[in-house]
Amino acid sequence: MATAASSLTIASSFSEPRIQICSSKRTSLSLQYSIPYKANSRSRRRLVVSSVSAPKVELRTGPDDLISSLLSKVANSDGGVTLSPEQHKEVAQVAGELQKYCVSEPVKCPLIFGDWDVVYCSVPTSPGGGYRSVIGRLFFRTNEMIQGIDSPDIVRNRVSFTALGFLDGDVSLTGKLKVLDSEWVQVIFEPPELKVGSLEFKYGFESEVKLRITYVDEKLRLGLGSRGSLFVFRRRQ
C-alpha cells in the first residue's frame with residue numbers, strides 16, 4: 001500500500017454564502033374567472049380569462065445547501081465504492097458548484113488544519129491502495145479513513161480495517177507538506193507503517209502526491225489530485 005495508500009489528499013476553500021436564482025421550465029396556472037363590465041346600456045357581457053403562464057423559479061442558497069447535497073450523495077457509499085458511474089457524475093457536479101465559493105488562496109486558510117474523515121474518492125482505491133481494491137476488500141473491511149493536518153506542515157493518513165473478519169489493524173503514512181502555489185500542495189510521505197494485531201512494521205518506500213485545494217470551511221474540504229481524483233473530507237467531531 002506504499003504508493004497508493006499515500007493518495008489520501010487534502011482539499012480546501014472558504015467563502016461567504018450567496019444567493020442564486022435559476023429559472024427553469026415555465027408552468028401553466030389555470031386561473032378561471034370572469035370579469036363583468038358594462039358594454040352599453042342595452043347589454044351586459046363577461047370577459048373570461050382562461051390561463052396565465054408564469055415562470056417556475058428554483059432558489060439555491062449558497063454553499064450550505066451544496067454541502068448537504070454532497071454529503072447525502074456520498075453517505076453510506078464506502079468512500080464511493082458502491083456508487084454507480086452516474087452517481088459519481090452527480091457528486092462531481094455538486095463539487096464543481098461548491099468550489100466556486102473557494103477563497104482565492106486556500107492553502108493559506110487555517111481551516112485546512114485538523115482531523116478529517118475521508119468520506120469519498122472518485123477513484124475508491126486511491127485511499128488505502130491494495131487494501132481497498134476489489135480483491136483487497138474481500139479480506140480487509142475498511143473501518144475508517146482519516147487524514148490529519150497539523151500546523152505548520154505535517155500530514156497524517158490512516159486507514160483502519162478488520163482483516164479476515166477478526167483481526168483489527170491499520171496502515172498509516174506520515175508526510176511533509178510543501179506549498180507549491182496559491183492552490184496546489186505537495187506531500188512527500190515516509191514509507192507506510194502497518195499494524196495488525198500485535199505486529200507492527202514499516203515497508204515499501206517514500207511516496208509523493210500533489211493536490212489542488214478547491215474548498216474548505218468548518219465542515220468540509222475538497223481536493224483534486226494531480227491525476228484528477230476528487231476527494232471529499234468531512235471534519236471529525
Side-chain angles (χ1 to χ4, degrees), residues 1-17 63-64 66-67 70-71 74 79 95 98-123 126-129 131-132 143-160 170-195 200-237:
M1 161 163 184
T3 301
S6 65
S7 300
L8 288 173
T9 53
I10 56 176
S12 110
S13 120
F14 178 71
S15 66
E16 294 295 332
D64 286 343
L66 292 171
I67 290 172
L70 188 60
L71 291 177
V74 303
L98 184 57
Q99 74 180 43
K100 295 177 182 178
Y101 295 88
C102 183
V103 295
S104 58
E105 295 185 355
V107 296
K108 296 182 179 180
C109 181
L111 291 174
I112 67 174
F113 299 114
D115 291 333
W116 304 83
D117 288 314
V118 185
V119 296
Y120 172 82
C121 181
S122 58
V123 181
S126 287
Y131 297 90
R132 298 269 297 160
N143 298 324
E144 291 182 318
M145 296 186 292
I146 302 170
Q147 181 176 85
I149 307 176
D150 301 329
S151 179
D153 57 5
I154 300 300
V155 179
R156 298 171 286 103
N157 293 340
R158 184 172 70 89
V159 177
S160 64
D170 65 65
V171 61
S172 59
L173 292 164
T174 301
K176 186 89 167 178
L177 183 149
K178 178 182 178 181
V179 174
L180 300 179
D181 61 22
S182 62
E183 295 183 342
W184 283 89
V185 297
Q186 178 188 53
V187 184
I188 298 177
F189 287 102
E190 299 174 0
E193 182 176 344
L194 177 65
K195 298 179 182 179
E200 181 177 340
F201 58 91
K202 287 189 175 183
Y203 67 97
F205 307 95
E206 287 188 348
S207 55
E208 173 189 319
V209 296
K210 292 180 180 179
L211 178 79
R212 179 190 171 202
I213 299 172
T214 60
Y215 184 83
V216 66
D217 66 11
E218 296 88 349
K219 301 176 183 178
L220 196 83
R221 287 193 296 119
L222 298 179
L224 285 175
S226 57
R227 297 182 180 180
S229 298
L230 169 65
F231 291 84
V232 178
F233 303 86
R234 181 179 57 204
R235 190 180 297 277
R236 290 178 65 85
Q237 300 300 320

Answer yes or no: is there a side-chain heavy-atom contact under 4.5 Å between [X] and [Y]?
{"X": "Val171", "Y": "Tyr203", "value": "yes"}
{"X": "Tyr101", "Y": "Leu66", "value": "yes"}
{"X": "Asp217", "Y": "Leu220", "value": "yes"}
{"X": "Ile213", "Y": "Val185", "value": "yes"}
{"X": "Trp184", "Y": "Val179", "value": "no"}

Sidechain-backbone polar pair: Ser122 side chain, Leu230 backbone, donor-acceptor under 3.5 Å
yes
Search all heavy atoms of [X] against all heavy atoms of [Y] and return the closest pair with its distance.
{"X": "Asp150", "Y": "Phe113", "answer": "C-CD2, 3.8 Å"}
{"X": "Pro191", "Y": "Leu173", "answer": "C-CD2, 4.2 Å"}
{"X": "Lys219", "Y": "Trp116", "answer": "O-CZ3, 3.7 Å"}
{"X": "Phe231", "Y": "Pro127", "answer": "CE2-CD, 4.2 Å"}
{"X": "Asp181", "Y": "Val107", "answer": "O-CG2, 3.4 Å"}
{"X": "Ser229", "Y": "Cys121", "answer": "CB-SG, 4.3 Å"}

Salt bridge check: are Arg212 and Glu183 linked by an N-O gap of less than 4.0 Å?
yes
Are the charged groups of Glu206 and Lys176 less than 4.0 angstrom apart, N to O?
no
Could you state the interatomic distance from [atom1] ([X]) to [atom2] ([Y]), rounded to the nearest 0.5 Å?
{"X": "Lys178", "Y": "Lys210", "atom1": "NZ", "atom2": "NZ", "answer": "9.0 Å"}
{"X": "Met145", "Y": "Asp170", "atom1": "CE", "atom2": "CG", "answer": "14.0 Å"}
{"X": "Arg132", "Y": "Ser126", "atom1": "CZ", "atom2": "OG", "answer": "10.0 Å"}
{"X": "Ile146", "Y": "Ser172", "atom1": "CD1", "atom2": "OG", "answer": "11.0 Å"}

Does the pair Ile149 and Ile154 meet the rule for a side chain to side chain contact (heavy atoms under 4.5 Å, CB included), with working shown?
CA-CA 6 Å; Ile149 307 176; Ile154 300 300; over 6 Å; no
Stepwise, does the side chain to side chain contact (heavy atoms under 4.5 Å, CB included) test hold for Phe189 with Asn157?
CA-CA 9 Å; Phe189 287 102; Asn157 293 340; 3.1 Å; yes
Per the side-chain hydrogen bond (donor to acceptor under 3.5 Å, both in side chains) rule, which among Arg156, Arg235, Gln237 passes with Asp115?
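Going through the options one by one, the only one that passes is Arg156.
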With Gln147, the side-chain hydrogen bond (donor to acceptor under 3.5 Å, both in side chains) member among Arg158, Arg221, Arg236:
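Exactly one option meets the side-chain hydrogen bond (donor to acceptor under 3.5 Å, both in side chains) with Gln147, and it is Arg221.
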